[in-house]
Number of protein chains: 2
Amino acid sequence: MSSADSNTPASNANRDHDHDHGKCVAEALASAERVCEAQGARLTPQRRQVLELIWRSHVPVGAYEILDAMRDGGRRADPPTVYRALEFLAGLGLIHRISTRNAFIGCSHPMSEHRAQVLLCDGCGQATEIEIGTIAQGLTDGAADLGFAIADQTVEASGLCRSCQSTAH
Amino acid sequence: MSSADSNTPASNANRDHDHDHGKCVAEALASAERVCEAQGARLTPQRRQVLELIWRSHVPVGAYEILDAMRDGGRRADPPTVYRALEFLAGLGLIHRISTRNAFIGCSHPMSEHRAQVLLCDGCGQATEIEIGTIAQGLTDGAADLGFAIADQTVEASGLCRSCQSTAH
DNA sequence: CTCATAGACGTTATGTTATAACATTTTATG
DNA sequence: CATAAAATGTTATAACATAACGTCTATGAG
Ligand SMILES: [Zn+2]
Ligand SMILES: [Zn+2]
Ligand SMILES: [Zn+2]
Ligand SMILES: [Zn+2]
C-alpha cells in the first residue's frame, strides 16, 4: 500500500449527495480486507455483512438498525452479535462510533492512522469525515500545557451541509 | 456583571485534585442564579438540586446517579424529572453533556458564550473544561471550506491528567 | 486423523440511558 | 378569584448496550 495511490479517500470530504457510492463501498471492502490481512484478523461473513450494512449510506447507523437489517436478510441475529462485530470493526479502525448519535459510520480512510473528526448534517443526516491536523495537534498541545496527556479524541460537529443549506428556505 | 471580575472561572483549567471545591460550587450556583435572572428562567428547588448534585465533583455524573441521589435525599423522583432539569440547565449553558460518557458536568464559565471542550481523565475520572479558540475556529473554518455550516461542536478528549500521570507507575 | 486450543458465534437475560404521553399542581398575572 | 402558562407527577415504554455462559468451528500439533 505504499506505491500507487489511485484511490483518493480524502475526496470523501467533497462528496456530493449523488456521488458514486458503489465506489465508496468497493473501496471500503477492499481496504477492510487489506487491513484484516495485515493484522492477522478474520473478516468473517458476519463482520463483513455488518460493515456492508454500515456502508449502505453515509448516514450514521445505529446498532439496532443493523440488527433489523440482518434479520430482514433472513439471518438470525441478536444484539451481542452486532455489538461484537462493531467492536471488531472499530478496533481495526474500519468504522467510527459517532458518540453524539449512538451510531456508526464507515471510515473513509482506514489505512492511515487518524483521529476521527466528523461533520454531521442535521438536514440529510449524512456524516462527512474530515481531517484537520491543526485541530488534533491544537488539542494535544493545549492539553499538554495543562499537563494532560491525551490518548483519544472525539471531534463531532453538527450543522448543515452545502446541499441542505441550499435546500432550506 | 460587567464590572468586577474577582472570580476567575478559567482557573478551573489548572484545577488541582485538592482545590477549594466549595468555591467551585458557590460560584456555579451564583452564576446559575444570575443566568436565570437574566433569561427570565426559574431556578426551582428541583433544578437547583440537580445542579448541586452535578457539582458535587468534577466527575461527570449520569442521569440515573442524579436520580438515585435525589431519592436518597428523600425526594420522590423519576427519570423525566431528572431529564427535564438536565435539559433546562443545559439549555442555559449551566451544564454540559459529555457524549462519550452519557453524563453531565457543571459548566465552569456559564456566563460567557462558548463551545464545550472537555478533557476526561481515565484515571480519576475528572473532567476539565478548556477553551481553545483556535480549535473552535479551525473546525468552523475547515467545515466552511467544504460548504458546511457548523451549528454545534462537541470536542472531548480522554487521557491522563497531571496527577494521574505521576500516580501511574 | 484426532485431539486440544482459541476464536467466533449463539442464546438468554438483564443492565443502562432516554423519552412519549397524559394528568395534576404550582405560579404568575389580570 | 379566574385564567393561562409553566413546572412537575406519573406510567409506560423505547432505545442502547453488555454480562454470562454454552456451542460451534477453524487451525495446528501430535
Ligand atoms: Zn459514498
Ligand atoms: Zn445535508
Ligand atoms: Zn471544584
Ligand atoms: Zn486524573
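All chains are named by letter (A, B, ...) in the order of the sequence lines, taking the proteins before the strands, and each is independently numbered beginning at 1. Computed from a predicted structure; not experimentally measured. Atom set for the values below is all heavy atoms of this structure, side chains included, hydrogens, waters and symmetry mates excluded.
Listed nucleotides: C/dT17, D/dA19, D/dT8. Nearest to the side chain of A/Pro80: D/dA19. Minimum atom distance to the side chain of A/Asn102 is reached by D/dC16, of the listed D/dC16, D/dT8, C/dT11. Side-chain proximity of B/Tyr83 to D/dG9, D/dA7, C/dT17: nearest is C/dT17. Of the candidates D/dT18, C/dT19, D/dT11, D/dT18 carries the atom nearest the A/Pro79 side chain, counting heavy atoms from C-beta on.
With hydrogens and angles ignored, the 3.5 Å screen pairs a side-chain donor or acceptor of A/Arg71 with a backbone N or O of A/Ala77. At least one donor-acceptor pair closer than 3.5 Å links the side chain of A/Gln153 to the backbone N or O of A/Ala136. Judged purely by atom type and a 3.5 angstrom limit, A/Asp20 uses its side chain to pair as donor or acceptor with the backbone of A/Gly22.
Between the side chains of A/Glu156 and A/Thr100, a donor-acceptor pair is found at a separation under 3.5 Å.
Each of A/Tyr64 and A/Ala77 was matched to the nucleotide of DNA chain C holding its nearest heavy atom; the match closer to the 5' end belongs to A/Ala77.
The side chain of B/Gln46 places an N or O atom within less than 4.0 Å of a non-bridging phosphate oxygen (OP1 or OP2) of D/dT8. For D/dT10, one of the phosphate oxygens OP1 or OP2 lies less than 4.0 angstrom from a side-chain nitrogen or oxygen of B/Arg76. Residue B/Arg47 has a polar side-chain atom (N or O) positioned under 4.0 Å from OP1 or OP2 of D/dT8. At C/dG10, one or more side-chain N or O atoms of A/Thr81 fall inside 4.0 Å of OP1 or OP2 (strictly under the cut-off).
As rounded to whole Å, 12 Å separates atom P of C/dA8 from atom CG of A/Leu89. We find that CZ of A/Arg71 is positioned 12 Å from C1' of C/dG10, with the value rounded to whole Å. In this structure, A/Phe104 atom CZ and D/dC16 atom P are separated by 10 Å, rounded to whole Å. Spacing between atom CE of A/Met70 and atom C1' of C/dT11 amounts to 15 Å, rounded to whole angstrom units. If you take CD of B/Glu87 and P of C/dT19, they are 8 Å apart, rounded to a whole angstrom. With rounding to whole Å, B/Glu65 atom CD is found 8 Å from C/dT17 atom P. In this entry the distance linking CZ of A/Arg75 with P of C/dT11 reads 12 Å, nearest Å. As rounded to whole Å, 13 Å separates atom P of D/dT10 from atom CG of B/Leu67.
Under the 30°/60° scheme for interplanar angles, the aromatic rings of B/His21 and B/His58 are found to stand perpendicular.
The pair A/Arg48-A/Glu33 meets the salt-bridge criterion, with a side-chain N (NZ, NE, NH1 or NH2) lying under 4.0 Å from an Asp/Glu carboxylate O.
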Pairwise N/O distances under 3.5 Å, protein to nucleotides 21-27 of chain D:
none

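Taking both residues in full, the closest heavy atoms of A/Cys36 and A/Leu92 are given as SG-CD1, 3.7 Å, listed atom of the first, atom of the second, then distance.
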